[in-house]
Amino acid sequence: MSPSNRCIMHIDCNSAFLAFSAAHRLQQGDSLDLRTIPSAVGGNPETRHGIILAKSIPCKAFNIQTGETLHAAFQKCPTLVIVPPDYPLYVKCSNAMMEIIKDFSPAYQKFSIDEIFLDYTNMQKHFGHPVDAAHKIKDRIKNELGFTVSIGISSNKLLAKMASDLKKPDAVTTLYPEEMAQKMWPLDIQDLFMIGPCTAPKLRAMGINTIGELAAADLNLIRYRLKSHGELIYNYAHGIEASLVHTGKHIDMKGIGNSSVIPFDVDDRLTAHQILLSLTETVAMRLRDAACVARLISVSVRDTNFRTYSHQRKIFSATDSTNEIYRIARDLFDEAWQGEALRHFGVRVSELCSNEFQQTSFFDDVHKEKNQALDRAIDSLRFRFGSTSVHRAGFLNSGIKPLMGGIGSTDEMSVMTSIL
DNA sequence: TCTGGGGTCCTAGGACCC
DNA sequence: TCTGGGGTCCTAGGACCC
């Protein structure tokens with residue numbers, strides 16, 4: 001089968017978080033549909049989480065942007081209704097949507113919490129023409145789950161994704177290679193997947209303002225200015241992209257991390273250590289849940305001036321131990337911190353491998369086995385009785401949550417990649 | 001009244017080895 | 001005492017996605 005004979009769909013939820021919350025409220029008996037008024041899912045400014053995460057379509061008239069502060073949004077629209085995020089609900093909605101979609105093909109890839117790729121190649125005999133099948137998918141999601149999606153259809157993932165963006169909400173759109181000139185090339189350069197706020201100005205400075213102009217540009221010049229990323233977006237502008245719909249249940253994770261803004265400025269070492277421990281608890285739990293061990297530990301912080309820096313270390317033998325990861329994270333922090341007030345902390349582990357053939361070192365902690373047993377015992381208690389059932393005495397009265405970050409379960413929640 | 005959290009990938013520079 | 005170039009690994013930071 002030649003690549004151009006593939007049939008790929010991209011299913012994209014419209015205003016996902018807001019739509020999920022709105023649909024849920026209607027199901028709970030609320031008479032107001034948040035999607036019909038200027039409304040948004042947003043954080044809590046008092047805990048310094050005050051940004052817009054998702055907005056309703058009526059917000060467009062007020063020029064409210066995702067990612068901007070609630071304060072700025074209220075300036076634009078004083079009647080704006082804000083609802084708090086509900087991540088467990090979003091995971092449920094996402095999974096329910098996938099259950100419907102997988103009725104239409106065994107080959108599907110969860111790309112993010114609100115986007116799925118479906119390989120519809122060879123499925124016509126079962127569900128008909130791709131456009132008809134897409135309408136069936138879209139309507140089933142609307143009728144059964146109460147929110148709308150936009151579906152793009154093409155011969156590869158990039159064009160399918162671009163297609164789903166062309167018409168919103170509640171729409172089905174094709175963007176086959178022969179339609180690029182008409183449907184995609186007139187679009188602004190920043191509408192192309194993988195051209196962000198940093199690359200767009202560089203292209204504009206070269207006189208390239210539309211996707212079509214990028215497609216017509218000199219590849220050597222683009223490559224010279226933008227290196228391999230230049231070649232990538234040049235190919236995308238021509239609709240060239242050949243990655244597979246990764247069906248495997250187990251997409252290998254490259255890393256696991258938690259990070260959080262702290263509601264107050266942190267300027268003492270002890271508090272910083274507690275925060276790192278709290279972040280490490282969830283990171284290590286997710287690591288063990290994925291049956292992995294990690295070889296690279298990194299810590300990142302952001303100060304009150306929004307300067308971010310990080311410090312990382314490769315360790316000799318990979319680990320999944322909360323205590324071990326914490327000890328390294330703490331050392332990394334102590335080495336990097338210059339004493340200024342901090343507002344944001346992150347702990348991340350990467351270079352993962354299966355814990356099956358864990359290499360042991362002569363120098364390993366003699367308490368290693370005891371530590372492992374303790375980690376597993378705590379994991380199972382938290383699994384059975386909830387994540388708040390067990391935590392360390394050090395957190396009592398500290399004002400810091402014992403377990404920070406880490407949404408839901410890792411089950412089948414595959415990872416988004418910048419390369420499709 | 002400020003500015004989230006989860007990821008992936010790429011590049012540059014220095015260390016180190018041959 | 002002065003001198004090379006290539007390859008690989010490690011680390012920090014930045015760009016992009018949702």
Side-chain angles (χ1 to χ4, degrees), chain A residues 10 12-17 40-54 65-76 84-85 87 90-91 94 110-117 157-158 161 164-165 190 192-202 226-233 236 243 251-263 279 282-283 286 295-315 332 335-336 343-352 404-408 410 413-420:
Chain A
H10 178 251
D12 191 355
C13 290
N14 306 122
S15 326
F17 288 1
V41 175
N44 179 0
E46 277 172 27
T47 56
R48 306 161 132 190
H49 288 71
I51 65 159
I52 303 281
L53 295 163
Q65 305 292 328
T66 302
E68 79 180 336
T69 60
L70 295 193
H71 176 73
F74 276 121
Q75 302 260 308
K76 294 174 179 178
Y87 294 104
Y90 304 156
V91 170
S94 180
K110 194 161 185 177
F111 188 56
S112 74
I113 197 158
D114 66 336
E115 289 178 57
I116 299 174
F117 285 105
K157 284 158 77 178
L158 184 266
K161 183 163 168 55
S164 67
D165 242 9
Q190 222 174 324
L192 185 64
F193 181 67
M194 287 304 286
I195 296 185
C198 198
T199 307
K202 292 180 190 166
L226 300 171
K227 315 286 182 204
S228 66
H229 184 63
E231 187 155 354
L232 179 83
I233 58 176
Y236 282 5
S243 71
I251 294 206
D252 26 19
M253 297 251 247
K254 297 293 197 304
I256 295 172
N258 282 161
S259 65
S260 187
V261 167
I262 310 303
L279 290 163
T282 10
V283 167
R286 288 165 61 198
R295 273 201 71 194
L296 186 66
I297 319 289
S298 64
V299 165
S300 69
V301 293
R302 177 141 72 233
D303 68 21
T304 48
N305 294 319
F306 265 72
R307 190 176 78 98
T308 303
Y309 55 92
S310 63
H311 196 32
Q312 64 183 48
R313 178 162 301 145
K314 205 164 190 169
I315 54 177
L332 288 167
E335 287 165 18
R343 58 139 45 214
H344 181 270
F345 288 75
V347 172
R348 155 163 287 275
V349 296
S350 50
E351 300 208 4
L352 308 184
M404 264 197 282
I407 24 163
T410 54
M413 186 56 192
S414 74
V415 191
M416 224 208 55
T417 351
S418 49
I419 310 296
L420 298 171

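It should be emphasised that the depicted structure is a prediction, and the values quoted were computed from it without experimental measurement. Lettering follows sequence order; numbering is per chain, from 1.
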Which nucleotide, dC10(B), dC17(C), dT1(B), lies nearest any side-chain atom of S228(A)? dC10(B)

Nearest-angstrom distance, P atom, dC2(B) to dC18(C): 29 Å

Might you list the N or O atoms of the protein lying below 3.5 Å from N or O atoms in nucleotides 12-15 of chain B, with each pair's distance?
none

Which nucleotides of DNA chain C pair, in dot-bracket form (Watson-Crick or G-U under 3.5 Å, | meaning another strand): ....||||||||||||||

Do the side chain of H344(A) and the main chain of T308(A) share a donor and acceptor less than 3.5 angstrom apart? no

Could you verify whether a donor N or O on one side chain and an acceptor N or O on the other, from H49(A) and T47(A), lie under 3.5 Å apart? yes

Where the side chain of P197(A) is defined as all heavy atoms beyond and including C-beta, which of dC18(C), dG5(B), dC16(C) is the nearest nucleotide? dC16(C)

Check every atom of dG5(B), dC17(C), dT3(B) against the side chain of M194(A) and return the nucleotide holding the closest atom. dC17(C)

With no hydrogens and no angle check, is any side-chain donor or acceptor of R302(A) less than 3.5 Å from a backbone partner on R307(A)? no

Could you state the CG-C1' distance from L70(A) to dC2(B), rounded to the nearest angstrom? 11 Å

Are the ring of F306(A) and the base ring of dT3(B) both nearer than 5.5 Å at their centres and tilted by less than 30°? yes

Expressed as a whole number of angstroms, how long is the span from H229(A):NE2 to dC17(C):C1'? 11 Å

From C-beta outward on H311(A), which listed nucleotide comes closest to its side chain: dC18(C), dG4(B), dT11(C)? dT11(C)

Side chain of T199(A) (C-beta onward), nearest among dG6(B), dG4(B), dC16(C): dC16(C)

Whether S350(A) side chain and K254(A) backbone form a donor-acceptor pair below 3.5 Å: no

Do any N or O atoms of the protein come closer than 3.5 Å to N or O atoms of nucleotides 7-9 of chain C, and which pairs are they?
none

Per nearest nucleotide of DNA chain B, the residue lying toward the 5' end, G255(A) or V261(A), is V261(A)

For a quick check of understanding: with a heavy-atom distance under 4.0 Å over all strands, which category does S260(A) fall into, base, sugar-phosphate or nothing? sugar-phosphate

dC17(C) and dT3(B): how far apart are their P atoms, nearest whole angstrom? 23 Å

Do the rings of F117(A) and F111(A) sit parallel, tilted or perpendicular, given the 30° and 60° boundaries? perpendicular

Once you apply a heavy-atom cut-off of 4.0 Å, does G67(A) come out as touching a base, just sugar-phosphate, or nothing? nothing

Given atom CD of Q190(A) and atom C1' of dC17(C), what is their separation to the nearest angstrom? 13 Å

Touch check for G50(A), heavy atoms < 4.0 angstrom, all strands: base, sugar-phosphate only, or nothing? sugar-phosphate

